[in-house]
Amino acid sequence: MTEPNKLPHHGVPDHQPAAGGIAARARAAATPQYLSGLNPEQREAVETLDGPVLVLAGAGTGKTRVLTCRIAHILSQGRARPGEILSVTFTNKAAREMKLRLGQMLGQAVEGMPWLGTFHSIGGRILRTHAELVQLKSNFTVLDVDDQIRLLKQLLAADNIDDKRWPARMLAGLIDGWKNRGLTPSQVPPGEAAVFGNGRGGKLYAAYQERLKILNAADFGDLLLENIRLFREHPDVLRQYQHRFKFILVDEYQDTNVAQYLWLRLLAQAPSKPGVPLSSVIPGRIDSTVIPGRAEGTNPESGARDGDQTDRDSGFAPAGAPRNDEVNILPQPGMTAPNPPKNICCVGDDDQSIYGWRGAEVDNILRFEHDFPGAKVIRLERNYRSTGHILAAASHLIAHNEGRLGKTLRTEDVDGEKVTVTGSWDSEEEARAIGEEIEELQRAGNKLNDIAILVRASFQMREFEDRFVTLGLPYRVIGGPRFYERAEVRDALAYLRTINSPADDLAFERIVNVPKRGLGDATVQMLHDHARKRRIPLFEAARAVVETDELKPKARGSLRDLIASFDRWRAQREVTSHTELAEIVLDESGYTEMWQKDRSADAAGRLENLKELVRSMEEFENLQGFLEHISLVMDRDGGAEDDAVSLMTLHSAKGLEFDNVFLPGWEEGLFPSQRTLDEQGRAGLEEERRLAHVGITRARRRAKLYFATNRRIHGTWSTTIPSRFLDELPAPNVEITESKGGSGWGGSGGYGPSRFDNVESFGSSYSTPGWQRAQAQRARGQNGGRGGGQAGGGFNESQSPFSGSRSDTSNSRGEGFSRNKRAPLTIEGELIAKSTGTTSEFSLDDRVFHQKFGYGNVVKIDGNKLTIAFEKAGEKKVVDSFVERV
DNA sequence: GCCCCTAGGATTTTT
DNA sequence: TCCTAGGGGC
């Protein structure tokens, strides 16, 4: 997370207020250590323990520090025990960081904070405790997106919906969106549910939820949504948690979505009286007051929250509640007892809300005071991170946004270097230029660890990776595919999941034929048919089918072996440690062997990953514990301590900071992203701008922006124009420089750097050389190539961007960045689609028809297994679901 | 049942 | 341009 209050650079003396006068020092000396060194606002944020508090913490103002100090303060004041503080963050990274800092601050005094974690992990934890109340078992599986989509594909196929026209991915997105807004299937507005699959969207959502229960599984959204449902339907359970959590702290409040908001509000209510339904205690609902200064209609989704269904139960602020600055809320009509506001403290920055696309509601933070009347709002505006120019540039840029609460960041640091804007001919030159500058910085004594490149979209990374590989410049990619998303890890997990939860069809299906066992589509299809008709898990279906003659001997044999293996493993689970069990499973299943035999280049890496997986299991007590955490908590660990440049997206850079930050690709269409603009209009633009703001404020000493005149998108080159955000930067804080990549148009003969060094007014970035050249280029019909006939100015000259060929190879990727090559998926959808109709009970002598064996008569009945004398095939055992009476 | 090849699609951002 | 799913051939 952020590193607030980092001591200033450039040898400027500490500007922390506490170091000021004698009085301040005396006070600092008399106060607990964790409070010293806080500025007055921070200190107020830490010490205001009672009632709702909103801390608006701009970039680099010490947000995390305030949160951790606040926890320390609560504990040391004896106001609550560690287990009575609910502290939620958005990412695992943030949660870990807080735990770490708390540990440092309090020594070993705190034996962990059991309720410090992400929304999802805490939600999941509560859900497991009461799983049976929401029709799950406590060992339920958390499905990731991949599982989710596979499941939806099955449902689409079962409904005969063309998944070309209506992709499962799209439905997954819709469902996700609904869940983010706290909507159960019955609460989705009919109009919205109808947009998918010719009006069947709502039904599919319901069917999906139903399937999840059968599979004993929950997806990410359920971890919160089902939690909310749990709280609503079981007030006694809710009350238990309301009692437990004396203090609630929320990090990155601007990123919360409606579901998270509802969840928080339920918990933030004072406990109601037992036996009284919540809805009768607090009748209020939130009205849809428009936040002043916020553009109307920018947020089409905000209306959802006003729905009576979603909100009724948890209304904290009755409609029309006065916006009360001083006084706590008075008892409202309908309340049976004084209902003091819970001690909830939300920390966030509306200017850093960048997850709107994922359902985050900036509104949550914008209307905090309204939702929690009497809230104290504290602004942290003192920035301890960036130099003056950088901060000025970022502030000026973000001031173009309308929907914000408004903060003015200030620093006491020196002005430092101006923010630079550099145009280059194309994205390759951009990468070259940045590579050069990095090497220069390195020569000047900068650590590579202090350097980051932040891109808008991950496809931009490639060029840098290529370039850095050629240069031999160490780099690391942050983000990207997670460890547990790799095919081999997921396969291994699927084995373990099947052991742990026999109803986990998705897991079983994933590995039933991995490694190859001759159990292909046809077999799986049959299992599906049977499972569906009898409403049993696939694994159980397999067990039944194996007892019959439905399958060819070979397939039957291998399926029988597989079942026997699982039975054995499940038995071993009782007597073997989970890590050992994992090794046994990987070994006996032939999975390890499969990769050992694999001749492809990445096989070794995959085996290594498997080992790593087993190693990582050691941290957990047992298999169940491990599986519970893997999908929620396992981050790809950076691990590498080496000095390396960081390469990541702007999104994953939030919360980080670097001395030197390179921001390439500031072009219209890319940044701001055209897609965001198309889909979300003005709100989208503002979010992109916030992203830009986040990017610039990551920099401590140098922020360097770039735009290229030509960029290759989907393999074809196109001419781009500089981002409007460049125009929105304040001229006095910005310096326009010439690309040092050199090989392009900007060489000696053309527009020399000197000509633009002294540009007084930044007026429009369209006056930059890159843009002028681009214009000229376009006027000439894009045929002139690089004008002025400069040959390679001492660089590997790459081909003209229009030639489409590349000068360097691109086969080597960063460590651990191999693209997933996953095992071919079975066509599960079709499998289900074929199952139709219901089977009635059979009696002896019934005449029946079987697809494979033809006509025959029932001669024996053993539960669902029938023995039938077929006219042509002779006597066979079959499963009843495969025959029909004639 | 498995493998190879091809055509078409996609490209934000992530718990 | 690259990747993936899906179809067709063995």
Side-chain angles (χ1 to χ4, degrees), chain A residues 88-95 117-124 142-145 149 153 163-164 167-169 173 176 179-180 219-224 252 255-257 259-260 353-360 454-463 478-482 484-485 513 515-525 552 554-555 558 631-636 648-654 665 669-680 684 687-688 690-691 694-695 711-717 804-806 810-811 819-827 829-830:
Chain A
V88 277
T89 63
F90 208 63
T91 65
N92 292 307
K93 202 166 64 178
T118 63
F119 278 100
H120 295 272
S121 62
I122 291 176
V142 178
L143 298 188
D144 60 26
V145 194
I149 286 171
K153 274 193 178 161
D163 80 335
K164 283 251 169 66
R169 191 164 284 281
D176 224 45
K179 288 186 175 178
N180 284 155
D219 63 19
F220 270 103
D222 281 341
L223 296 179
L224 285 162
E252 307 279 17
D255 284 336
T256 51
N257 59 36
Q260 288 158 339
S353 163
I354 54 174
Y355 286 106
W357 52 274
R358 214 172 91 185
L454 312 182
V455 296
R456 174 64 182 83
S458 45
F459 73 80
Q460 292 173 263
M461 290 185 186
R462 177 168 201 131
E463 245 139 351
I478 314 253
R482 283 160 208 289
Y484 66 84
E485 281 170 2
N513 202 29
K516 298 264 180 289
R517 299 187 173 90
L519 302 171
D521 288 356
T523 308
V524 177
Q525 179 174 335
K552 296 215 179 82
K554 206 177 139 207
S558 34
S631 48
L632 291 178
V633 181
M634 276 280 285
D635 270 349
R636 145 211 187 85
M648 68 188 95
T649 64
L650 285 162
H651 282 89
S652 44
K654 190 164 75 152
L670 176 59
F671 192 33
S673 146
Q674 190 55 49
R675 187 156 162 178
T676 305
L677 259 40
D678 290 345
E679 285 169 7
Q680 301 175 62
E687 179 150 316
E688 293 285 302
R690 290 193 290 268
L691 202 48
V694 166
R711 190 168 291 274
R712 191 173 38 190
I713 297 170
H714 309 329
T716 47
W717 287 93
S805 62
R806 300 174 54 84
S810 53
N811 55 350
R819 295 277 176 239
N820 274 3
K821 267 191 212 142
R822 68 167 46 94
L825 298 173
T826 49
I827 322 157
E830 292 180 11

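Nothing here was measured: the structure is a model prediction, and the numbers come from that model. Chain naming here is simple, since letters A, B, ... match the order of the sequence lines and numbering starts at 1 in each.
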Legend entry - Residue whose closest nucleotide on DNA chain B lies nearer the 5' end, A:Ala555 versus A:Thr676: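 The residue closer to the strand's 5' end, by nearest nucleotide, is A:Ala555.
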Inset, instruction - Take A:Ser673 and A:Gly518, find for each the nucleotide of DNA chain B with the closest heavy atom, and name the residue whose nucleotide sits nearer the 5' end. - result: A:Gly518
Inset, instruction - Give the ring-plane orientation class for A:Phe90 versus A:Phe119, where under 30° counts as parallel, over 60° as perpendicular and anything between as tilted. - result: perpendicular
Check the distance between [N]'s [atom2] and [X]'s [atom1] and give it to me in whole angstrom.
X: A:Asp521; N: B:dC2; atom1: CG; atom2: P; answer: 9 Å
X: A:Arg169; N: B:dT11; atom1: CZ; atom2: P; answer: 7 Å
X: A:Trp717; N: C:dT1; atom1: CH2; atom2: P; answer: 11 Å
X: A:Phe119; N: B:dT14; atom1: CZ; atom2: C1'; answer: 15 Å
X: A:Asp219; N: B:dT15; atom1: CG; atom2: P; answer: 15 Å
X: A:Arg517; N: B:dC2; atom1: CZ; atom2: P; answer: 11 Å
X: A:Lys153; N: C:dT4; atom1: NZ; atom2: P; answer: 12 Å
X: A:Asn180; N: B:dT15; atom1: CG; atom2: C1'; answer: 9 Å

Legend entry - Main-chain N/O of A:Gly518 paired with A:Asn513 side-chain donor or acceptor, under 3.5 Å: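 Yes; at least one donor-acceptor contact below 3.5 Å.
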Legend entry - Check: A:Glu687 side chain, A:Gly356 main-chain N or O, donor-acceptor pair, under 3.5 Å: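 A pair under 3.5 Å: yes.
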Measuring from the side chain of [X] (C-beta onward, heavy atoms only), which nucleotide among [options] has the closest atom?
X: A:Trp357; options: B:dT15, B:dT14, B:dT11; answer: B:dT14
X: A:His120; options: B:dT14, B:dT15, B:dT11; answer: B:dT15
X: A:Ser652; options: B:dT14, B:dT15, B:dG1; answer: B:dT14
X: A:Thr523; options: B:dG1, B:dT15, B:dT14; answer: B:dG1
X: A:Val145; options: B:dC2, B:dT15, B:dT14; answer: B:dT15
X: A:Lys516; options: B:dT14, B:dT15, B:dC2; answer: B:dC2

Inset, instruction - Using a 4.5 Å cut-off on heavy atoms from C-beta on, say whether the side chain of A:Tyr355 contacts that of A:Asn257. - result: no
Inset, instruction - With the side chain counted from C-beta on, respond yes when A:Leu670 and A:Gln460 share a heavy-atom pair under 4.5 Å apart, and no when they do not. - result: yes
Legend entry - Short side-chain N/O contact from A:Thr649 to OP1 or OP2 of B:dT14, under 4.0 Å: yes
Legend entry - Presence of A:Asn92 side-chain N/O under 4.0 Å of B:dT14 phosphate oxygens OP1/OP2: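 Looking at the OP1 and OP2 atoms of B:dT14, neither is under 4.0 Å from any side-chain N or O of A:Asn92.
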Legend entry - Is_stacked (A:Phe459, B:dT11) at 5.5 Å, 30 deg: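 A:Phe459 ring does not meet the centre or angle cut-off for B:dT11; no stack.
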Legend entry - Pair of N/O donor and acceptor under 3.5 Å linking C:dT1 base with A:His714 side chain: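 Under the 3.5 Å cut-off, the side chain and the base do not form any donor-acceptor pair.
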